[in-house]
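Quick notes on the structure that follows.
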Amino acid sequence: MKSTAPEPSSAPKAILRPTVKEDRHFVTALARGLDVLSAFRSRDRMLGNQELARRCGLPKSTISRLTYTLTRQGYLVPATDGKGATGYRLGSAVLALGGAMLARMDMRQIARPLMQDLADGSQAMVSLGVRDRLSMIYVENCRSESALTLSLDVGSRIPVAQTAMGRAYLAGCSDNERSDLMERIRAYDEASWPITRAGIELALAHYREHGCCASFGGWQKDVNAIAAAFRPEGGRSVMVVSCGGPGFNLSPQFLMNEVRPQLVSLVRKLQGASGEAY
């Protein structure tokens with residue numbers, strides 16, 4: 001049985017890209033098309049041009065041209081909701097790209113049995129994630145058969161700034177990358193930045209002391225999680241393992257006292273494993 005805790009809703013603001021200043025090699029039209037594809041979330045059955053325009057921060061006329069082109073190329077497919085509304089869903093061309101990427105991610109195969117052991121022992125959901133812009137994306141999930149877990153799966157996105165997984169990524173990445181991400185998080189939501197920054201700084205201090213970041217009801221009410229980051233041997237990018245679930249099933253004390261040592265041991269094993277991350 002899965003918890004009804006929702007996947008985070010789509011960001012209310014436009015997708016934030018790094019500022020591109022007079023870069024003659026940068027193809028704006030291509031970037032916008034990729035932004036359209038990135039606007040879809042795993043729970044979206046379909047999106048119309050108006051909603052895509054809102055999520056991408058682009059004029060609806062521009063979105064219309066992009067969705068037309070992406071449809072011709074197989075990256076989007078026309079869809080209806082059965083009530084007269086029309087829009088688009090992701091097409092098989094996107095699946096082909098994502099499948100090729102996941103197939104080459106050896107670390108998923110290496111991590112899965114270790115993650116499943118932790119999931120069975122903790123009766124929680126154990127997830128492996130990578131960063132995309134200001135989100136973390138689940139690339140592997142393991143659940144205990146007897147556990148009441150979250151309704152998130154491979155491909156789900158969660159925010160970097162507010163989650164245990166995202167904050168563990170910030171703790172595990174380089175100083176330069178962390179500074180860049182902090183600035184992008186600040187620019188994304190200036191009003192919430194003082195509270196967000198304080199939460200991140202507290203999480204970083206917690207990571208230095210305990211070897212993991214924690215979120216006890218801070219992202220989703222009644223959801224508790226801990227997470228730790230690692231960089232695979234020979235890997236270019238940081239990956240994160242999280243362990244979490246409904247708070248009534250996973251208390252902060254249980255996660256920190258019982259699960260944390262196992263999580264830290266797991267990421268140490270993955271740190272020394274040789275396998276292509278991505």
Side-chain angles (χ1 to χ4, degrees), residues 5-23 26-44 47-60 62-63 66 127 129-139 152 155-207 213-221 223 225 227 229 237-240 242 244:
E7 183 181 356
S9 58
S10 299
K13 298 184 179 182
I15 292 173
L16 187 68
R17 293 193 301 267
T19 303
V20 180
K21 297 180 180 179
E22 300 298 327
D23 187 346
F26 188 85
V27 182
T28 300
L30 175 58
R32 288 176 172 175
L34 294 173
D35 282 347
V36 169
L37 298 179
S38 297
F40 285 82
R41 300 293 179 260
S42 59
R43 286 182 173 271
D44 293 328
L47 293 177
N49 284 337
Q50 183 172 344
E51 177 62 17
L52 286 168
R54 185 184 72 84
R55 294 189 185 186
C56 296
L58 294 170
K60 188 177 178 182
T62 300
I63 290 292
L66 291 170
S127 305
V130 298
R131 183 181 68 83
D132 175 47
R133 308 186 210 197
L134 298 184
S135 298
M136 299 298 294
I137 301 180
Y138 288 178
V139 296
L152 298 172
S156 293
R157 290 173 177 264
I158 60 175
V160 166
Q162 290 82 22
T163 61
M165 179 179 276
R167 290 173 174 179
Y169 183 93
L170 289 170
C173 68
S174 69
D175 292 342
N176 288 340
E177 184 179 1
R178 185 184 310 114
S179 296
D180 175 66
L181 285 171
M182 293 283 277
E183 176 57 28
R184 292 167 63 185
I185 292 168
R186 180 198 63 76
Y188 184 74
D189 191 350
E190 291 271 9
S192 301
W193 173 239
I195 295 175
T196 301
R197 179 178 59 187
I200 292 173
E201 290 175 349
L202 181 62
L204 295 178
H206 193 272
Y207 198 95
C213 286
S215 174
F216 303 136
W219 167 53
Q220 296 278 358
K221 190 173 103 174
V223 173
S237 300
V238 171
M239 305 184 82
V240 181
S242 69

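- Atom CG of Leu204 is separated from atom CE of Met182 by 6.5 Å, given to the nearest 0.5 angstrom.
- Counting all heavy atoms, side chain and backbone alike, Ala39 lies closest to Asp44 at O-OD2, 4.0 Å.
- Within the 4.5 Å cutoff, the side chain of Cys56 has heavy atoms near those of the Ile63 side chain.
- No donor-acceptor distance shorter than 3.5 angstrom exists from the side chain of Arg167 to the backbone of Val160, with no hydrogens or angles considered.
- A search for side-chain contact (heavy atoms from CB on, under 4.5 Å) contacts involving Ser135 returns Arg157, not counting sequence neighbours.
- In this structure, CD1 in Ile137 is found 7.5 Å from OG in Ser38, a value given to the nearest 0.5 Å.
- The side-chain contact (heavy atoms from CB on, under 4.5 Å) search around Pro194 returns none, not counting sequence neighbours.
- Using a 4.5 Å heavy-atom cutoff, the side chains of Leu170 and Ile200 are in contact.
- Between Ser127 and Met136 there is no side-chain heavy-atom pair separated by less than 4.5 Å.
- Residues Met239 and Val139 share a closest heavy-atom pair of CE-CG2, 4.4 Å.
- Residue Asn49 holds its CG atom at 11.5 Å from CG of Leu58, rounded to the nearest 0.5 Å.
- Atoms CD1 and CG, on Ile158 and Leu134 in that order, are 13.0 Å from each other to the nearest 0.5 Å.
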How far apart are the C-alpha atoms of Ile185 and Thr196, what are their side-chain angles, what is the distance that settles it, and do they pass the side chain to side chain contact (heavy atoms under 4.5 Å, CB included) test? CA-CA 9 Å; Ile185 292 168; Thr196 301; 3.9 Å; yes
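- Considering CH2 of Trp219 and CD of Gln162, their distance stands at 10.0 Å, rounded to 0.5 Å.
- The distance from the SG atom of Cys213 to the CE atom of Met165 is 11.5 Å, given to the nearest 0.5 Å.
- Without hydrogens or angle criteria, Tyr207 side chain to Ala229 main chain gives a donor-acceptor distance under 3.5 Å.
- In this view, Glu177 and Arg131 satisfy the salt bridge (Lys or Arg N to Asp or Glu O under 4.0 Å) rule, not counting sequence neighbours.
- In this view, Ala164 and Ser215, Ala225, Ala227 satisfy the side-chain contact (heavy atoms from CB on, under 4.5 Å) rule, not counting sequence neighbours.
- For Ser179, there are no side chain to side chain donor-acceptor pair (under 3.5 Å) partners two or more places apart in sequence or in a different chain.
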Check the pair Phe40, Leu52 against side chain to side chain contact (heavy atoms under 4.5 Å, CB included), reporting the backbone distance first and the verdict last. CA-CA 8 Å; Phe40 285 82; Leu52 286 168; 3.9 Å; yes
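- For Arg178, the salt bridge (Lys or Arg N to Asp or Glu O under 4.0 Å) partners at least two apart in sequence or on another chain are Asp175.
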